[in-house]
Engineer: 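I have a structure I would like to understand better, so I am pasting it below and will then ask my questions one at a time.
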Amino acid sequence: MLVNNMKFLLNRQFRCCIQTTSVRLLSTAVGGYSPQFKDNFKGNYDVIIAGGGMVGCSLACAMAKNSLLSNLRVLLLEASPESYYQPKPEYSNRVVALNQNTKSLMTSLNVWKHVENVRLQPVRYMQVWDASSDVMISFSSADMMDDDVAYIVENDLMLHAINTELLAVNSNINIVYNAKIQSYQLPKEAYPSTQSIVKMDNGDTYTCQLLIGADGANSAVRKAMGVQYLSWSYDQMGVVATLDLAEECTNTTAWQRWLPTGPIALLPLDSKRSSLVWCTWQDNAKQLLKLPEDQFVDALNDALWKQYPRSSSVETCTSWLSAGLKQAGMADGAARQLPPSVRGVAPASRAAFPLAFGHSTRYIAPGVALIGDAAHRVHPLAGQGVNLGFGDVKDLTELLAEAVYSGLDVAHPNWMQKYESVRQRHNVPTQVMIEVLHRLYTVDFLPVVLARSLGLQIANALQPIKKLIMAQAAT
Ligand SMILES: Cc1cc2nc3c(=O)[nH]c(=O)nc-3n(C[C@H](O)[C@H](O)[C@H](O)COP(=O)(O)OP(=O)(O)OC[C@H]3O[C@@H](n4cnc5c(N)ncnc54)[C@H](O)[C@@H]3O)c2cc1C
């Protein structure tokens, strides 16, 4: 322990020297790039985080709060202007379902209390059902876990909560808003020469030892790394809106119905409002945005309630299985709840976002690491996207702190390789699972409909399987 502490202190001292030296070295080195570069050089940092979305800001906050990392010089660059959050009676149309792991991370960072002080809605029951058959699966917090299934939080409130805590910490983190990064010059050689040059569109330039790409799905950091990126568009859009329910109720249930065009989900906001995520083909999504309000509400209620054509063979097989499960004393899926009807849609709350899959085969390069949507992008059907990003933040912070504690440099390949391996081991199976679900439910080929219906019925009857699904979704 003592040896480790000494190593850590020595490393800090050493890093301070390196930092000053590298700024000096840079002033000599810059002459080689361009005369402008020298004039607009704004500083050398240990870490630059490119992108101040929910994931980038939470990394800055986690680093500021970690006693082993709080002495690092960190710069967060965000293209958008600084936003000033004002609680309003109406809800934002952009919400996320956050899992228990995210809640633990945000609680440990003191961020969760800022969300709770404004508003969030717990999800205590979740029902997912298929429009092509009678089967469904449900998850109840009372049956399966000691805590809620998930929490619905508005994106802007989440960002505000993270930033409130980030600004409250007296740390070495600098934040620059309205800071659009134009290009990156990444280290050409392997460790230990890991200095990256970050060029802003106003001509300013920064350098750093470790560059973190938290710049979203179209990440320019990822492009500069030159890594392979596996991606495809779903040709679908997620239509979002804030909905008024026909009747007031406890409203702690998340509903998801699989339509032949994609899933439609209602996420609870309060006793009379829910948030919509309706994934459908691009043309259909654009039409839904144009519909007059009453026609949109009719289309929505149709999507939740309409009986779709069903195959008699699937019906027969699922009712046999249902009878068998009932005889065995297991859940046969008959005890279902009915989804709410929608009465109206909040003015100007409809919007649509393109949906795509993305997987960066590498999350790291010398002196560079990717987090959040920059590294992985998923279909919103399982509400996992930003939860995966927050998982990256947690693991990256812990591994970097361990590395610094044991005397390693911030861009040392040992911890970075561990980061990539730990995160890909979690993120890739989750991405595959979501992809399989998406493909299973967007076909109406009879054997597939039969297989998925029986599979869902069995999963619903077997508590250990449901617990396994919940455990994967919660991490
Ligand atoms: C319809 C829909 C529903 C969803 N629902 C859920 C859900 O229920 N649960 C869930 O977990 N996830 C959900 N997601 C996914 C979630 O929204 C994303 O995973 C999350 O927003 C990604 O956050 P991020 O910080 O990684 O990226 P982003 O939010 O894209 O942030 C990137 C930031 O980088 C900045 N940036 C980019 N380029 C530059 C540059 N050149 N210079 C400076 N700054 C730059 C941008 O301005 C931005 O602020 C949903 C997504 C959609 C589309």
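None of these values were measured; they are calculated from a predicted model. Start at 1 and go down the list; that is how both ligands and their atoms are numbered.
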Engineer: Check the orientation of Trp255 and Trp129. Use parallel for under 30°, tilted for 30 to 60°, and perpendicular for over 60°.
Structural biologist: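 Ring orientation, 0 to 90° scale: perpendicular.
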Engineer: Can you name the atoms of ligand 1, numbered from 1 with element, that are less than 4.0 Å from a heavy atom of Ser80?
Structural biologist: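 Those qualifying, in numeric order: 47 (O).
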Engineer: Using a heavy-atom cut-off of under 4.0 Å, does the side chain or the backbone of Ser219 touch ligand 1, or both, or neither?
Structural biologist: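 None of Ser219 does.
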Engineer: With backbone taken as N, CA, C and O and side chain as the heavy atoms from C-beta onward, which portion of Arg377 lies under 4.0 Å from ligand 1: side chain, backbone, both, or neither?
Structural biologist: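 No part of Arg377 comes within reach of ligand 1.
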Engineer: Which option, Arg94, Met54, Glu78, owns the non-hydrogen atom nearest atom 48 (C) of ligand 1?
Structural biologist: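 The nearest heavy atom belongs to Glu78.
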Engineer: How close does the nearest protein non-hydrogen atom get to atom 3 (C) of ligand 1, and which residue and atom is it?
Structural biologist: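 Heavy-atom neighbour on the protein nearest atom 3 (C) of ligand 1: Pro380 CB, 3.7 Å.
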Engineer: May I ask you to check if ligand 1 and Leu267 share an N or O to N or O distance below 3.5 Å?
Structural biologist: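 Leu267 vs ligand 1: no N/O contact under 3.5 Å.
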Engineer: Around atom 8 (O) of ligand 1, find the nearest protein heavy atom and jot down its residue, atom name and distance.
Structural biologist: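 In this structure, atom 8 (O) of ligand 1 has Ala97 N, 2.8 Å as its nearest protein heavy atom.
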Engineer: Is Ala79 touching ligand 1 with its side chain, its backbone, both, or neither, if touching means heavy atoms under 4.0 Å apart?
Structural biologist: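 The answer is both, backbone and side chain.
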Engineer: What part of Ala214, side chain from CB on, backbone N/CA/C/O, both or neither, has a heavy atom under 4.0 Å from ligand 1?
Structural biologist: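 For Ala214, only backbone atoms sit under 4.0 Å from ligand 1.
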Engineer: Heavy atom to atom 14 (N) of ligand 1, shortest distance: which of Val96, Ile181, Leu388 holds it?
Structural biologist: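 Minimum heavy-atom distance to atom 14 (N) of ligand 1 goes to Val96.
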Engineer: Which residue and non-hydrogen atom of the protein lie closest to atom 26 (O) of ligand 1, and at what distance in Å?
Structural biologist: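 Nearest protein contact, heavy atoms only, for atom 26 (O) of ligand 1 is Asp373 N, 3.0 Å.
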Engineer: Check each of Asn155, Leu276, Val386 against atom 12 (N) of ligand 1 and report the one with the nearest heavy atom.
Structural biologist: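 Looking at heavy atoms only, the winner is Val386.
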Engineer: List the closest protein heavy-atom neighbour of atom 37 (C) of ligand 1: residue, atom name, distance to the nearest 0.1 Å.
Structural biologist: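 Going atom by atom, the protein heavy atom closest to atom 37 (C) of ligand 1 ends up being Asp215 O, 3.5 Å.
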Engineer: Whether Arg350 engages the ring of Phe296 as a cation-pi pair (distance to the six-membered ring centre under 6.0 angstrom, angle to the ring normal within 45°) should be assessed.
Structural biologist: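 Yes, a cation-pi geometry.
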